[in-house]
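In this text the structure is predicted, and so the values were computed from the model without any measurement.
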Amino acid sequence: MGLSSSSNESIQLCIFDLRRGQNEGQELDKILFFFPSGLPFSKQLSVIGLSEGLITFTRIFSPEAACDSIEAERHSHVFHEPEPDIWMVMVVAKSNDSEPIWRDDALRKVLKETHSLFVMFHGSVRAMLEKEPAGGLVRRHLYSFIMDYLRACIKRSPSDDCCCDFLVGKKFLLPSFRDCLKERGTVQMLTITREAAIEVQSLVRAFESSAVTTPCYSLILFQDLLVSTTLSPDDTINLFTYAVLRLTPHALSSGASSWSYLRKGNVTSNVVTETNVTHPSSMSESFYGSSDASPGEDNNYHVVRPLQSDKWSKGKDGYLVTDLWGAEVGTWVFATPTVLLQQTGERMYLCAYQHRSLTLMLLIPISSIPNGEQGVSAVKQQVLENASLKILKIEEKLSKGWGGENAYHVGGYRYLLVDGDRNVSRASPATKVTTLTKESLLAMNKLRQEVELEKSRAKLGDHNCEKDLEVCIRAKNNAWVISRVTRGKELYMVLEKANETLLYASDAVEKFSNRYCDGTFSLD
């Protein structure tokens, strides 16, 4: 039903609107995005038609929550409805491996992150459709944004020097079993002393005083770790994700990064060849638009492309600058980037400052600065006057206390800690995780899939129910693979050099929890 098993169609990613294209001859109106865009429209409609049918059928049994995933014999279908009747669907061909190499939840979080970042920069899909009902505006924005996102380096920790492009050349790399000890959609925090925390709070107050008449928000990162935020949890995740992608020192020097660990072993099953990524057909290009129309904008619809690589640089005054938002009318002054906050719905100026390993993001309401770039420049100068000495002192203190790339490594353990209530995670350094065997990673990937299924069932059964569980599995290579979920917190662990007994593995988890889980991640 439109799902070919050929190599260049092993994955399809689409976005469509159930309110559009319901009349004969208007079916194409419902398609807002499709990857690969070079597929004939008949095949695109076939994939979307099948997805519509699955959504309609499952709503018969669950009107409030339609399907989130469907497992067919040869394909996995992952669904996400980020806005009413706006659906994102990823269809992935299954590999020949006996064990699944990816998790539905990991794929769904790619969809969620894509939409959240899109809305932060461009506003909701529905609002864009209401602005231009023909759909050309939203298609051009979605195509440019998502293709840039797929090419963006995803790095989740300062030690994650094995970042990966979703799109490398003409290959699409899915989050695979090798990423089972990572958690997308969370922030990674730096543990600091009480003295440092007091100084950080003083710096935040200095930011707020610089804005004078209006409330502002701030986000502070050291390396690729969060130090402080005054934003809501959802807005914090979005800005943190963007900072790690494009603004931190690691992101600005990402040319030195490598994703070669993905080549270790036989991982060809999670690499999909895409022959139409860079050269879509002329018909699809006119329908979706090209993501390579211009360096920063698409001149037909003035599409700002905030995820383009190598577009940020550090100015002489320490502020990060980019030409992605164009220039102020009639001047050569680069326009200050803007973002939309999810919690308040306000459009904000985004000002980013960097001193060595410290990255500071200040968000100021556009409505509070009537004179545009001139007013933004005045606020930036006020921040430097009020906070420059504090910034120097905090960066120096955090650098002295920083344990390096392996700061959160625990000898003998490979782990992931997730605080779902706070959307915070901590994990073994990626360089340590790569020492695990394929068998251990596949076993952990399967265990996480089962845990996520149990959590989903518990949520459907009782919206107020938080299911506690602990699972220990002996993998084929005799490693222990462990999961513990309690009170909204999750611990996943692999012990490859453990004793033969289950008691030993259980004791190892207890020792880890008691000794290495700080207040943020206590599992007692």
Side-chain angles (χ1 to χ4, degrees), residues 68-71 76-80 90 92 94-95 97-113 154 156-157 160 164 173-186 188 262 267 269-270 413-421 423-430 432-460 466-477 479-496 498 505-506 508-509 512-513 517 521 523:
D68 56 13
S69 63
I70 298 289
E71 295 296 328
S76 297
H77 304 248
V78 180
F79 298 80
H80 177 49
M90 187 182 291
V92 183
K94 292 184 176 179
S95 70
D97 291 359
S98 58
E99 300 287 354
I101 64 169
W102 46 63
R103 294 178 292 113
D104 292 346
D105 188 65
L107 299 179
R108 187 175 302 104
K109 284 180 177 176
V110 171
L111 301 179
K112 290 181 179 180
E113 183 173 271
I154 308 299
R156 294 299 182 217
S157 74
D160 194 357
C164 70
L173 305 181
L174 294 173
S176 74
F177 64 93
R178 297 190 183 278
D179 304 305
C180 61
L181 291 179
K182 297 179 182 178
E183 187 71 2
R184 189 180 303 276
T186 60
Q188 292 76 55
L262 287 171
V267 295
S269 53
N270 77 306
Y413 295 88
R414 302 294 183 268
Y415 70 92
L416 168 67
L417 287 160
V418 181
D419 185 338
D421 294 333
N423 297 318
V424 175
S425 68
R426 178 175 294 170
S428 291
K432 300 297 182 181
V433 174
T434 58
T435 65
L436 293 175
T437 65
K438 180 180 179 180
E439 290 76 13
S440 296
L441 292 169
L442 283 170
M444 173 54 74
N445 194 60
K446 185 176 181 179
L447 175 58
R448 290 203 63 185
Q449 180 90 328
E450 293 298 322
V451 169
E452 285 152 5
L453 182 60
E454 285 298 316
K455 288 164 54 182
S456 178
R457 288 170 178 165
K459 185 177 180 180
L460 286 174
E466 289 188 356
K467 189 170 186 178
D468 293 351
L469 60 90
E470 183 170 352
V471 182
C472 296
I473 296 176
R474 193 74 160 178
K476 294 178 181 179
N477 62 339
W480 285 107
V481 181
I482 302 161
S483 171
R484 177 185 286 188
V485 180
T486 178
R487 298 193 299 276
K489 298 179 177 62
E490 304 171 33
L491 169 63
Y492 300 96
M493 183 179 293
V494 177
L495 302 172
E496 282 196 332
S506 181
V509 174
F512 178 91
S513 298
C517 295
F521 291 105
L523 293 168

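Taking both residues in full, the closest heavy atoms of Val481 and Ala443 are given as CG2-CB, 3.8 Å, listed atom of the first, atom of the second, then distance. In terms of heavy atoms, Thr186 sits closest to Glu183 at OG1-O, 2.7 Å. Smallest separation of non-hydrogen atoms from Leu491 and Ser513: CD2-OG, 3.9 Å. Residues Ser440 and Val494 share a closest heavy-atom pair of CB-CG1, 3.9 Å. Minimum heavy-atom separation, Met444 to Leu181: CG-CD2, 4.1 Å. Considering every non-hydrogen atom in both Tyr413 and Ala508, the closest pair reads OH-O, 2.8 Å.
Rounding to the nearest 0.5 angstrom, the gap separating the CD1 atom in Ile101 from the NZ atom in Lys438 is 8.0 Å. Interatomic distance, CD of Glu450 versus CG of Leu469, reported as 11.0 Å (0.5 Å rounding). In this structure, the separation between CE on Met90 and OG on Ser69 is 13.0 Å, given to the nearest 0.5 Å. Within the model, atoms CG of Leu447 and CG of Leu442 stand 12.5 Å from one another, a figure rounded to the nearest 0.5 Å. Note that the NZ atom of Lys109 and the NZ atom of Lys112 stand 7.0 Å from one another [nearest 0.5 Å]. Here the straight-line distance linking atom CG of Leu111 with atom CZ of Phe79 works out to 11.0 Å at 0.5 Å rounding.
Scanning for side-chain hydrogen bond (donor to acceptor under 3.5 Å, both in side chains) contacts around Arg108 gives an empty result, with sequence neighbours left out. A search for salt bridge (charged side-chain N to carboxylate O under 4.0 Å, His left out) contacts involving Glu454 returns Arg457, Lys467, not counting sequence neighbours. A search for side-chain hydrogen bond (donor to acceptor under 3.5 Å, both in side chains) contacts involving Asp68 returns nothing, not counting sequence neighbours. In this view, Tyr415 and Phe512 satisfy the ring-ring contact (aromatic ring centres under 6.0 Å, His included) rule, not counting sequence neighbours. In this structure Ser506 satisfies the side-chain hydrogen bond (donor to acceptor under 3.5 Å, both in side chains) test with no other residue, sequence neighbours excluded. Lys94 pairs by the side-chain hydrogen bond (donor to acceptor under 3.5 Å, both in side chains) definition with Glu71, not counting sequence neighbours. Remark: Arg414 pairs with no residue by the salt bridge (charged side-chain N to carboxylate O under 4.0 Å, His left out) rule, at least two apart or across chains. Applying the salt bridge (charged side-chain N to carboxylate O under 4.0 Å, His left out) rule to Asp104 yields no partners; only residues at least two apart in sequence or on another chain are considered. Scored by the side-chain contact (heavy atoms from CB on, under 4.5 Å) test, Ala427 finds Leu416 as partners (sequence neighbours excluded).
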Side chain to side chain contact (heavy atoms under 4.5 Å, CB included) for Trp480 and Val509? Distances and angles first, verdict last.
CA-CA 11 Å; Trp480 285 107; Val509 174; over 6 Å; no
Worked verdict on Leu495 versus Ile482 for side chain to side chain contact (heavy atoms under 4.5 Å, CB included)
CA-CA 8 Å; Leu495 302 172; Ile482 302 161; 3.8 Å; yes
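Just one residue in the list Leu436, Leu441, Val433 forms a side chain to side chain contact (heavy atoms under 4.5 Å, CB included) with Cys180, and that residue is Leu441.
A donor-acceptor pair is defined here as one N or O able to donate and one able to accept, closer than 3.5 Å; no such pair exists between the side chain of Arg103 and the backbone of Arg448.
Using a 4.5 Å heavy-atom threshold, the side chains of Lys446 and Gln449 count as separate.
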